[in-house]
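For the numbers below, each heavy atom of this structure counts, side chains included, while hydrogens, waters and symmetry mates do not. Please read these numbers as outputs of a predicted model, since none were measured by experiment. When a ligand or atom number is given, it counts from 1 through the structure's own listing order.
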Amino acid sequence: MNVLWIFAHPEPRSLGGSLRDEGVHTLRERGDEVRESDLYAMKWNPVVDADDFGSAAESDRLIVGSTSKNAFRTGELSADIRAEQEKLAWADAVIVQFPLWWYGMPAILKGWFDRVFVKGFAYGVQRPDGRTARYGEGALAGKRAMVVLTAGAPEATIGPRGVNGEINDLLFPLQHGTLWYAGMSVLPPLTICGADRVSAEEYVAAAEALRERLRTLSTQDPIPFRHQNGGDYDDSLVLRDELAPGRSGIGVHIL
Ligand SMILES: Cc1cc2nc3c(=O)[nH]c(=O)nc-3n(C[C@H](O)[C@H](O)[C@H](O)COP(=O)(O)O)c2cc1C
């Protein structure tokens with residue numbers, strides 16, 4: 001497989017950095033091709049800028065969405081964005097690794113998605129029937145994605161009734177709203193909890209859990225998110241009443 005490993009941590013000697021090294025080594029050892037986007041090491045610019053989209057010659061409107069659409073079609077995107085898109089196009093699977101910061105991803109990683117997942121590349125693709133291809137369909141369909149994260153919180157607190165909420169709820173914006181939205185199949189995340197106080201034994205267990213998940217990267221069942229165009233949603237993209245009756249919230253979008 002061709003695997004793109006996206007890593008968002010400022011310190012390569014951190015727990016996250018060690019796990020990244022383990023993971024990349026594991027993949028290469030079994031014959032996978034690996035390319036990396038180490039965002040801090042690359043000094044990735046996370047801030048969307050008008051310069052990202054070249055000259056707005058086709059439109060004088062200063063609206064990022066419309067400008068980015070034009071820029072992708074006319075090949076005017078910044079070189080750093082195009083390089084990341086080329087890696088994504090090459091990849092069969094993408095690992096997105098980060099420490100959980102304030103219930104989400106570090107800003108540098110959010111800015112990677114903001115700048116790289118532009119209209120026409122990651123979304124905004126029309127199906128032949130005129131519907132928009134998203135949530136399970138779209139430009140990045142056929143690729144797999146898996147989140148690998150470390151979190152300071154103990155495991156129980158990221159459990160079903162834990163104070164931090166469930167991990168798939170915390171990751172809903174990334175896993176459902178970004179990766180699945182763009183068409184990617186999202187594997188269950190690997191979360192290393194209690195990451196601020198990891199003993200030697202716990203590190204060995206975490207590294208083995210990561211290796212196991214990577215060995216089965218191409219065969220694991222993805223999270224069964226509902227397809228937008230699979231019949232579960234009405235024309236307003238609201239889940240039909242007869243599905244998950246009486247329930248609401250994030251969980252209803254998973255079969
Ligand atoms: C700015 C910041 C915000 C954090 N927010 C959270 C959080 O919301 N939930 C959590 O469980 N841990 C949180 N943590 C703890 C980190 O997740 C933890 O320190 C990290 O995953 C440990 O891995 P590392 O040694 O590779 O950095 C936060 C840490 C920092 C620095």
Worksheet entry | Element-labelled atoms of ligand 1 that are located less than 4.0 Å from some non-hydrogen atom of Ser14 | 26 (O)
Worksheet entry | Check ion pair Arg115-Asp52 (N to O, under 4.0 angstrom) | yes
Worksheet item: Is the count of non-hydrogen atoms from other residues, nucleotides or ligands lying under 6.0 Å from Gln220 atom CD greater than 12?
Response: yes
Discussion item. Among all protein heavy atoms in this structure, tell me which lies nearest to atom 11 (O) of ligand 1, with the distance rounded to 0.1 Å.
Written reply: Ala153 N, 2.9 Å
Item to complete: May I ask you to list the atoms of ligand 1 that are less than 4.0 angstrom from any heavy atom of Pro99?
Response: 20 (C), 21 (O)
Worksheet entry | Protein contact of atom 27 (O) of ligand 1 - nearest heavy atom, named by residue and atom, plus distance | His9 NE2, 2.6 Å
Worksheet, complete the sentence: Looking only at protein heavy atoms, what sits closest to atom 19 (O) of ligand 1 is Asp196 OD1, 2.5 Å
Worksheet entry | Arg213 (side chain) donor-acceptor with Pro188 (main chain) under 3.5 angstrom | yes
Worksheet entry | Val3 backbone acceptor or donor facing Lys87 side chain under 3.5 Å | no
Worksheet item: Which residue and non-hydrogen atom of the protein lie closest to atom 20 (C) of ligand 1, and at what distance in Å?
Response: Thr150 OG1, 3.8 Å
Worksheet item: Taking atom types as modelled and ignoring hydrogens, do the side chains of Tyr135 and Asn229 form a donor-acceptor contact shorter than 3.5 angstrom?
Response: no
Practice prompt. Please write down residue, atom name and distance for the protein heavy atom closest to atom 10 (C) of ligand 1.
Written response: Gly152 N, 3.6 Å
Item to complete: Show which atoms of ligand 1 fall inside a sub-4.0 Å distance from at least one heavy-atom site of Leu15.
Response: 25 (O), 26 (O)
Worksheet item: Among all protein non-hydrogen atoms, which one is nearest to atom 26 (O) of ligand 1, and what is the separation to 0.1 Å?
Response: Gly16 N, 2.7 Å
Worksheet, complete the sentence: Among Trp102, Tyr103, Trp101, the residue with a heavy atom nearest to atom 29 (C) of ligand 1 is Trp101
Worksheet item: For atom 14 (N) of ligand 1, what is the nearest protein heavy atom, given as residue, atom name and distance?
Response: Leu100 O, 3.2 Å
Practice prompt. Starting from the C-alpha separation in whole Å, work towards a yes-or-no answer on salt bridge (charged side-chain N to carboxylate O under 4.0 Å, His left out) for Arg20 and Glu36.
Written response: CA-CA 10 Å; Arg20 183 268 314 267; Glu36 296 184 62; 3.6 Å; yes
Item to complete: Using modelled atom types only, decide if a donor and an acceptor are shared between the side chain of Glu29 and the backbone of Thr26 within a distance under 3.5 Å.
Response: no
Worksheet entry | Single-linkage hydrophobic cluster Ile6~Leu140, side-chain heavy atoms < 4.5 angstrom | yes
